[in-house]
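Encoded as structure tokens, the structure appears first; notes follow it.
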Amino acid sequence: MGDKPTYFVFDDVLRDKSLRRYLDICIKEIQEGKAHKARTRAKAGYPSWPCFRVKGKEFLVSSVLEYYLYDLHCNGFISESAEAFTDKMRAICGWQWDVDRVLRKWIERVVINPFFYDASDSEYEHKWVLNPENPGYTLTDEQLKFACYIAVCFTKYGHSFDKSFTKEIFDLVTALGSKLPAQIKKNGSGSMPKEIAKCKTEDFSCIANDAFATIKISVKNESEESYSKILDYLCNLLEFGFSHSYAIEFKGQNKIYLPIKKLPKKGVNQLFANAILYPKLHDKIERYAKLAMKEFEWYLNLDGEYSAMPGSFAVFALGLHDEKYHKLACDYLSLCDGEHQSIQGEFVLAYIEKFGFTEKGLELYKLCKENIQELPKKLIALYNKFVAHK
């Protein structure tokens with residue numbers, strides 16, 4: 001092993017108070033949008049880790065968030081401040097491995113350990129039961145609110161299996177006497193105006209829950225007017241500032257899907273397969289697609305091989321309908337996360353089967369090839385056949 005790296009963890013900060021002034025500077029830079037994540041300087045035999053550099057000193061990402069939450073506890077915990085800082089950390093550093101780990105540890109240290117014991121014999125599943133002995137204090141409403149914020153984050157940003165941790169946290173907070181989990185499940189955070197959160201007529205209903213980033217749409221009477229208002233609702237929601245990653249749950253009377261063989265037969269597929277039937281709505285579908293398309297964001301209820309950037313099905317519907325939406329399709333293929341998404345290959349395959357290797361078709365093929373881990377085998381075969389007969 002080489003010399004030990006010089007980065008600092010949270011325990012170092014607790015032991016050495018002189019380090020706190022550096023973290024205070026780092027926190028100020030994060031809040032002002034001036035901070036940038038770096039990597040610890042490589043040392044022989046030691047891996048490099050995500051960190052922040054402050055006046056020559058390196059602090060692991062996790063130590064910064066741990067220190068901020070610790071400092072809040074010492075000076076009066078305010079959930080709004082904790083939430084805002086955590087959101088900034090997530091935006092700079094991502095969710096996995098650092099932010100999620102610190103928040104999980106916060107739940108264990110603040111909520112679980114003082115108030116619960118595990119009555120389960122399982123190594124992997126917990127059965128939390130309130131301790132018969134009171135620790136001598138109760139959690140504040142602000143702490144319980146932040147616990148609920150953490151619960152929602154694990155659903156919004158974590159893996160599909162992290163949703164079980166969301167339920168676990170809500171159960172813990174409910175057991176401590178809070179009604180907040182029930183309110184959040186029903187109404188969301190309460191920060192959205194009513195006209196943005198809900199739109200309901202005799203023909204359709206749209207309800208958005210910003211806490212869980214879900215949009216539930218139900219159509220009773222299929223019509224151009226219904227889909228026009230639904231598309232307006234979605235666009236207004238996104239323009240308001242709704243989560244960039246979200247789930248669309250759709251139920252309609254017309255059970256049709258886009259003509260792309262390997263797309264998931266989910267509600268969001270059905271929604272745009274129906275909306276595309278009305279030519280006057282195509283501009284609204286395009287408007288939604290442009291608002292929805294964000295790199296590294298996802299439809300939360302599509303996992304694994306079906307993972308898709310928001311706006312995917314709108315782009316697919318328009319792209320297969322008319323080549324005039326070629327630029328939109330190109331923008332989409334350039335933007336989507338080719339490392340974690342592959343359904344764009346199925347769209348390009350369906351496009352080539354319909355329009356052939358035209359100049360536009362070749363451009364889509366090239367863009368898709370550059371931004372996907374593996375093209376569909378049938379698409380490769382069609383391209384090889386095209387080249388051979390050229």
Side-chain angles (χ1 to χ4, degrees), residues 198-208 214-239 242 246-293 298-302 306 308-333 335-336 341 343-356 358 360-361 364 368:
K198 184 181 296 186
C199 179
K200 193 172 184 179
T201 72
E202 293 181 354
D203 298 321
F204 72 93
S205 68
C206 300
I207 301 174
T214 57
I215 306 168
K216 295 182 179 181
I217 303 171
S218 178
V219 175
K220 295 180 181 178
N221 296 311
E222 301 279 341
S223 69
E224 181 180 293
E225 184 179 5
S226 291
Y227 284 98
S228 177
K229 290 181 178 179
I230 288 169
L231 289 167
D232 285 340
Y233 175 82
L234 289 172
C235 291
N236 291 339
L237 194 63
L238 295 180
E239 287 179 331
F242 196 72
Y246 50 90
I248 289 181
E249 300 173 12
F250 175 84
K251 291 182 180 179
Q253 305 301 309
N254 195 10
K255 307 290 185 182
I256 62 170
Y257 300 93
L258 295 174
I260 302 176
K261 294 176 184 177
K262 292 188 178 181
L263 286 194
K265 290 188 176 181
K266 295 284 190 175
V268 65
N269 185 339
Q270 185 184 353
L271 168 61
F272 289 102
N274 278 286
I276 199 69
L277 298 177
Y278 305 101
K280 291 182 180 179
L281 302 185
H282 292 179
D283 287 347
K284 291 190 176 185
I285 297 174
E286 183 178 20
R287 179 187 170 213
Y288 164 77
K290 289 179 176 179
L291 286 170
M293 288 161 49
W298 306 95
Y299 282 124
L300 297 176
N301 52 341
L302 300 178
Y306 297 135
M309 180 173 71
S312 293
F313 297 85
V315 173
F316 297 167
L318 292 169
L320 286 180
H321 179 77
D322 196 314
E323 285 189 302
K324 77 175 185 178
Y325 296 104
H326 176 70
K327 184 180 184 306
L328 177 67
C330 288
D331 291 344
Y332 171 85
L333 291 172
L335 187 64
C336 66
Q341 177 183 315
I343 63 170
Q344 66 269 32
E346 301 302 329
F347 159 66
V348 174
L349 171 59
Y351 181 97
I352 296 301
E353 288 179 328
K354 180 174 182 178
F355 297 107
T358 61
K360 290 175 177 166
L364 293 183
C368 187

What are the two closest heavy atoms between A273 and I256, and how far apart are they?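 So the two residues come closest at O-CD1, 3.5 Å.
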
For L328 versus K290, what's the shortest heavy-atom pair and its separation?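 Taking L328 first and K290 second, the nearest heavy atoms are CD1-CG, 4.0 Å.
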
Those residues that, when tested against [X], pass side-chain contact (heavy atoms from CB on, under 4.5 Å) (two or more places apart):
X: E323; answer: Y351, F355, T358, K360
X: K198; answer: I207
X: Y257; answer: K265, N269, Q270
X: T214; answer: N209, F212, A247, E249

Suppose we screen for side chain to side chain donor-acceptor pair (under 3.5 Å). Which residues come up paired with [X], at least two apart in sequence or across chains?
X: K255; answer: none
X: D232; answer: K284
X: H282; answer: none
X: D331; answer: K327

Sequence neighbours excluded, every pair satisfying side chain to side chain donor-acceptor pair (under 3.5 Å) that has a member inside residues 215-224: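 Counting only pairs at least two positions apart or across chains, the side chain to side chain donor-acceptor pair (under 3.5 Å) contacts touching residues 215-224 are D203-N221, E222-Y227, S223-S226.
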
Mind checking salt bridge (charged side-chain N to carboxylate O under 4.0 Å, His left out) for E346 and listing every partner two or more places apart, or none if nothing turns up?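 Salt bridge (charged side-chain N to carboxylate O under 4.0 Å, His left out) list for E346, sorted by chain: empty.
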
Heavy-atom side-chain proximity of [X] to [Y] below 4.5 angstrom:
X: I248; Y: K266; value: no
X: L277; Y: N254; value: yes
X: V219; Y: F250; value: yes

Would Y233 and F204 satisfy ring pair (Phe, Tyr, Trp, His ring centres under 6.0 Å), going step by step from the backbone distance to the final call? CA-CA 11 Å; Y233 175 82; F204 72 93; 8.2 Å; no

Check the pair Q344, V348 against side-chain contact (heavy atoms from CB on, under 4.5 Å), reporting the backbone distance first and the verdict last. CA-CA 6 Å; Q344 66 269 32; V348 174; 5.5 Å; no

side-chain contact (heavy atoms from CB on, under 4.5 Å), paired with Y246, selected from L237, L234, L238: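 Answer to the side-chain contact (heavy atoms from CB on, under 4.5 Å) test with Y246 among L237, L234, L238: L238.
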
Counting only heavy atoms not in K262 (residues, nucleotides, ligands), do more than 12 fall under 6.0 Å from its NZ?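 No, not enclosed.
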
Would one find more than 12 heavy atoms of other residues, nucleotides or ligands at under 6.0 Å from atom CD of E225?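 Result for CD/E225: open.
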
If you measure from the Lys or Arg side-chain nitrogens to the Asp or Glu carboxylate oxygens, is any gap between E286 and K324 under 4.0 Å?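 Not counted as a salt bridge, because no side-chain N and carboxylate O are separated by less than 4.0 Å.
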
Please report the C-alpha distance between S205 and I217 in whole Å, then the side-chain angles of each, then the deciding distance to 0.1 Å, and finally whether the side-chain contact (heavy atoms from CB on, under 4.5 Å) criterion is met. CA-CA 6 Å; S205 68; I217 303 171; over 6 Å; no

Rounded distance [0.5 Å steps], CD1 in I215 versus CD1 in I230: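 Rounded to the nearest 0.5 Å, the CD1-CD1 separation comes out at 11.5 Å.
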
Please round to the nearest 0.5 Å and tell me the distance separating atom CG of L364 and atom CG of L333.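 L364 atom CG to L333 atom CG measures 6.0 Å (nearest 0.5 Å).
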
Atom pairs and distances, donor-acceptor, side-chain atoms in residues 309-320, under 3.5 Å, two or more places apart:
{"residue": "S312", "atom": "OG", "partner": "M309", "partner atom": "N", "Å": "3.4"}
{"residue": "S312", "atom": "OG", "partner": "M309", "partner atom": "O", "Å": "2.5"}
{"residue": "S312", "atom": "OG", "partner": "Y332", "partner atom": "OH", "Å": "2.6"}

